[in-house]
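Below you'll find the structure, written out as structure tokens, and then a few comments.
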2 protein chains.
Amino acid sequence: MPRLEPAALAEETSDDLWADHDPPASRRLLLAAVDSFAELGYHGTTTRQIAATAGMSPAALYVHYRTKGDLLFQIALTAHESVVATLHAAMDPRAARPARIRAMVYAFTRWHARHHRAARVIQQHELAALPADHRERVYALRRETARMFLDEVSAGVAAGEFDVPDPAGTTRALTSLGIDVARWYDPAGARSPEEIAALYAHLALRMLGVRPAG
Amino acid sequence: MPRLEPAALAEETSDDLWADHDPPASRRLLLAAVDSFAELGYHGTTTRQIAATAGMSPAALYVHYRTKGDLLFQIALTAHESVVATLHAAMDPRAARPARIRAMVYAFTRWHARHHRAARVIQQHELAALPADHRERVYALRRETARMFLDEVSAGVAAGEFDVPDPAGTTRALTSLGIDVARWYDPAGARSPEEIAALYAHLALRMLGVRPAG
DNA sequence: CAGTCTACTGAGCAGTCGCTTATTCTCGGG
DNA sequence: CCCGAGAATAAGCGACTGCTCAGTAGACTG
């Protein structure tokens, strides 16, 4: 099991995705929406539920958000931007290749465990409920994430540091592994986000054909 | 890239999950429901949509199914039973360990690509819409699937054939990888279910620390 | 040809949905 | 003390939801 530098990786990005969301009432609505969307789905959640969870009347939601879909868009945009920021922060340009991709997988996986509620909302197929232009903004961030992983893997293959017959497919598997953590992760479960992330970073290096150097 | 025996693996289970569902009208409703649930989610789908897709009046649905939730249950049960059957068929008791787990990952992954619509329905968190006893029957099948993989990995570790520091976590990763295929798989995409399955079987062996024997 | 059964439909009920509107509350500044 | 402005509410609109039910069409029985 590879050792990671927990201190260096721990706090690149804020723990609370919605920390800088003001005013407080608007933030409470967002939090309520994330929880409810994650558990019951976008269509399974009513605006009345969200408002009630936030301790407000049904109409209060429309003081802060134009529509229910607008709430979903705010969640999706914030979450995807956070993923991209987390990845950028994890990529130390001075680090060697295996260490860098390890840090990326670690950060990516840990993000999906920590923010599993938000991650569930955006990975369920309910982004289809968004208007096309909003959906496209989210997809652009998603493509950026995929590209960061693929560039790193491809460069490693070109440099002979990775042994990967199918870089695109393997990269897809790498990211898929991290994303799916949000589906099954249980805060009451045995493993912490950091333990899962460390395991997955280790598995990623194996998938890339990196011999365990020590 | 390991070679798999496509002939031996290809047709253990029927291609059509709903083949033995009679009468035809009931089957058409099921198919319509799977498509619609997969695309719009359980709560995002209306009984009128399902009936219309099946070419019937809204009330016709209730001739064949007690409730909308009953439709979801039939889908979930059929799909999960198919997964278990597919896995059992893939486990050749005479095969050596690495070949057996490779065949399991191959079959499991290919199932999730082939039946990505059904897989999406049952993996979205909408099984929560089922009554507790029905949900429990589905979860039992899911536990059986997980146990089959864990038993195989554990036995391989005990026999010294696999090099796995964390068998439970690695097994979870193995299955998670296959399940998540249903989320991103696109029939119009570059890779066939068989190609994805072969890649994932290969990656699984790497994750288990099996040296590429040839 | 009368009687029976089954698959199916048209019409609609009671309740809920997202969202709007008119009104009241709250509170800092003059 | 009153005022203006944004935050929040009560009430409710029109559309739609899952589901029901009385009734129809058509194939089978005797």
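Below, read A as the first sequence line, B as the second, and so on, with proteins coming before strands; counting in each chain starts at 1.
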Checklist entry - Rounding to a whole Å, what distance do you find between Asp22(B):CG and dT6(C):C1'? => result 15 Å
Checklist entry - Whole-Å distance between dA7(C) P and Arg28(B) CZ? => result 13 Å
Checklist entry - Please give, in whole Å, the distance from dT16(C) P to Lys68(A) NZ? => result 15 Å
Checklist entry - What is the distance, rounded to the nearest whole Å, between atom OH of Tyr42(A) and atom C1' of dC17(C)? => result 12 Å
Checklist entry - What is the distance, rounded to the nearest whole Å, between atom CG of Leu40(B) and atom P of dT17(D)? => result 11 Å
Next on the checklist: Using 0.5 Å steps for rounding, measure from the CE atom of Met148(A) to the CD1 atom of Ile101(A).
Outcome noted: 10.0 Å
Next on the checklist: Taking any heavy-atom pair under 4.0 Å as a contact, classify Thr45(B): base, sugar-phosphate, or nothing.
Outcome noted: sugar-phosphate
Checklist outcome for this item: Taking dC19(C), dC17(C), dC19(D) as options, the one with an atom nearest any side-chain atom of Thr46(A) is dC17(C)
Item to check | Carboxylate-amine/guanidinium proximity below 4.0 Å for Glu136(B) and Arg143(B) | outcome: yes
Can you check nucleotides 10-15 of chain C for protein contacts, nitrogen or oxygen pairs under 3.5 Å, and list what you find?
unit_1: dG12(C); atom_1: O6; unit_2: Arg48(B); atom_2: NH2; d: 3.2

Next on the checklist: If you compare every side-chain N and O of His43(B) against the phosphate oxygens of dT17(D) (OP1, OP2), does one of them come in below 4.0 Å?
Outcome noted: no
Checklist entry - What is the distance, rounded to the nearest whole Å, between atom CD1 of Ile50(B) and atom C1' of dT17(D)? => result 12 Å
Checklist entry - By salt bridge (Lys or Arg N to Asp or Glu O under 4.0 Å), which residues pair with Arg206(A), not counting sequence neighbours? => result Asp163(B)
Checklist entry - What class does the angle between the rings of Phe73(A) and His134(A) fall in, given that below 30° is parallel, 30 to 60° is tilted and above 60° is perpendicular? => result parallel
Checklist entry - What is the distance from atom CD of Glu39(A) to atom CD of Gln49(A), rounded to the nearest 0.5 Å? => result 9.0 Å
Item to check | Whole-Å distance separating the OH atom of Tyr62(B) from the P atom of dA7(C) | outcome: 18 Å
Item to check | Nearest-Å distance for atom pair CG/P, residues Leu61(B) and dT9(C) | outcome: 11 Å
Item to check | Side-chain donor/acceptor of His80(A) to backbone N/O of Leu77(A), under 3.5 Å | outcome: no
Checklist outcome for this item: In short, salt bridge (charged side-chain N to carboxylate O under 4.0 Å, His left out) pairs touching residues 170-185 of chain A with sequence neighbours left out are Asp180(A)-Arg183(A)
